[in-house]
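Taking it in order: structure first as structure tokens, then the write-up.
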Amino acid sequence: MKRFTRAAIMGLALATTAAPMVAEAQSRRDRQERRDDRRDYRQDRREDRREYRQERREDRRDWRRGEYDSRREYRQDRREDRRAFRRERRDDRRDYRNDRRWDRNNRDWWRGRSDFRDYRGARTGYWYAPSYGYYRVEPRYYGYRWQRGSYLPRSYRSYYVRDPYVYGLRSAPRGYRYVHAGNDIVMIAIATGLIASVLHDVF
């Protein structure tokens with residue numbers, strides 16, 4: 001009996017001593033696991049930030065490359081536009097030199113010109129404006145002789161002379177325009193229609 005009691009006491013003492021030791025060991029394992037978890041978390045965050053920075057660098061590089069390509073294409077387009085514009089200007093000048101111009105001594109000077117392609121001679125009650133075609137006029141103005149200082153009616157002021165050079169005219173001053181008025185070309189003040197000069201019997 002004494003032997004059993006002694007064994008029980010020793011077992012109880014061991015249990016009392018071992019329990020805190022087991023708890024302490026478990027606590028150490030838990031702390032170690034938490035440290036490992038934090039370390040892994042920090043490592044994951046570092047890797048995530050590193051990947052994010054790398055992606056941003058690649059995005060910026062791609063954006064710069066795309067922006068550079070856009071600027072290069074824009075400059076190329078501008079160069080091509082300027083070249084095309086210069087070609088057109090050269091063609092226009094060549095056409096001007098080769099084009100038939102108004103000649104007071106040649107009544108058929110207008111034949112073959114594109115702006116007179118639908119001209120079929122004088123028509124009673126109508127005027128003809130090159131590049132515009134025939135349009136009706138009031139009977140009182142048909143065959144009217146325009147004079148400097150008179151006024152061109154408002155309804156006839158929109159038939160501008162598109163190319164004064166053909167008629168040997170200089171560019172109109174600011175505020176004035178050349179207008180076809182029947183068989184004449186008149187220079188009028190845009191605001192009032194006052195006739196400043198007249199070129200008679202153009203065709």
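The basis for the numbers below is simple: all heavy atoms, side chains too, and nothing from hydrogens, waters or symmetry mates. Just so we're clear, the structure is a prediction, and the values are computed from it rather than from any experiment.
For Trp102 (side chain) and Trp110 (main-chain N/O), no donor-acceptor pair under 3.5 Å exists by modelled atom type. Under the 3.5 Å distance criterion, the side-chain polar atoms of Arg148 are matched with a main-chain donor or acceptor of Ala196.
Seen from the ring of Tyr128, Arg123 does not count as a face-on cation partner, given the 6.0 Å and 45° thresholds.
Contacts of Arg45 classified as side-chain contact (heavy atoms from CB on, under 4.5 Å), with partners at least two apart in sequence or in another chain: Tyr41, Arg49. Contacts of Leu169 classified as side-chain contact (heavy atoms from CB on, under 4.5 Å), with partners at least two apart in sequence or in another chain: Pro164, Tyr167, Tyr178, Ile185, Leu199. Remark: Asp115 engages Arg113 in a salt bridge (charged side-chain N to carboxylate O under 4.0 Å, His left out) (not counting sequence neighbours). Applying the salt bridge (charged side-chain N to carboxylate O under 4.0 Å, His left out) criterion to Asp59, with sequence neighbours excluded, gives no partner residue.
Note that CZ of Arg79 is 11.0 Å distant from CG of Asp81, once rounded to the nearest 0.5 Å. Atom OG in Ser171 sits 10.5 Å away from atom CZ in Arg177 (nearest 0.5 Å). Rounded to the nearest 0.5 angstrom, Leu194 CG and Ser150 OG are separated by 7.5 Å. The structure places CZ of Arg53 at 11.5 Å from CD of Glu55, a figure rounded to the nearest 0.5 Å. Summarising the geometry, atom CZ belonging to Arg86 is positioned 6.5 Å from atom CZ belonging to Arg82; distances are rounded to the nearest 0.5 Å.
No more than 12 heavy atoms of other residues, nucleotides or ligands sit less than 6.0 Å from atom CZ of Arg170. Open room surrounds CZ on Arg117; 12 or fewer heavy atoms of other groups in view lie less than 6.0 Å from it. Shown here is Arg38, whose CZ atom has more than 12 heavy atoms of other residues, nucleotides or ligands within 6.0 Å.
A salt bridge links Arg145 with Asp201: the closest approach of a Lys/Arg side-chain nitrogen to an acidic carboxylate oxygen falls below 4.0 angstrom.
When hydrophobic side chains of Ile, Leu, Val, Met, Phe, Trp and Tyr are connected at separations under 4.5 Å, Val186 ends up clustered with Trp127, Tyr132, Tyr135, Val137, Tyr141, Tyr142, Tyr144, Trp146, Leu152, Tyr156, Tyr159, Tyr160, Val179, Ile188, Ile195, Val198.
Pro153 places none of its side-chain heavy atoms less than 4.5 Å from the side chain of Glu138.
The minimum heavy-atom distance between Ala191 and Arg157, with the atom names listed, is O-NH1, 4.2 Å. Listed here is the closest heavy atom pair of Gly168 and Arg101: CA-NH2, 3.7 Å.
For the ring pair (Phe, Tyr, Trp, His ring centres under 6.0 Å) condition, the pairs that include at least one residue of residues 184-203, sequence neighbours left out, are Phe116-Phe203, Tyr119-Phe203.
Looking at Gln54, Arg60, Arg56 one by one, the single match for side-chain hydrogen bond (donor to acceptor under 3.5 Å, both in side chains) with Glu58 turns out to be Gln54.
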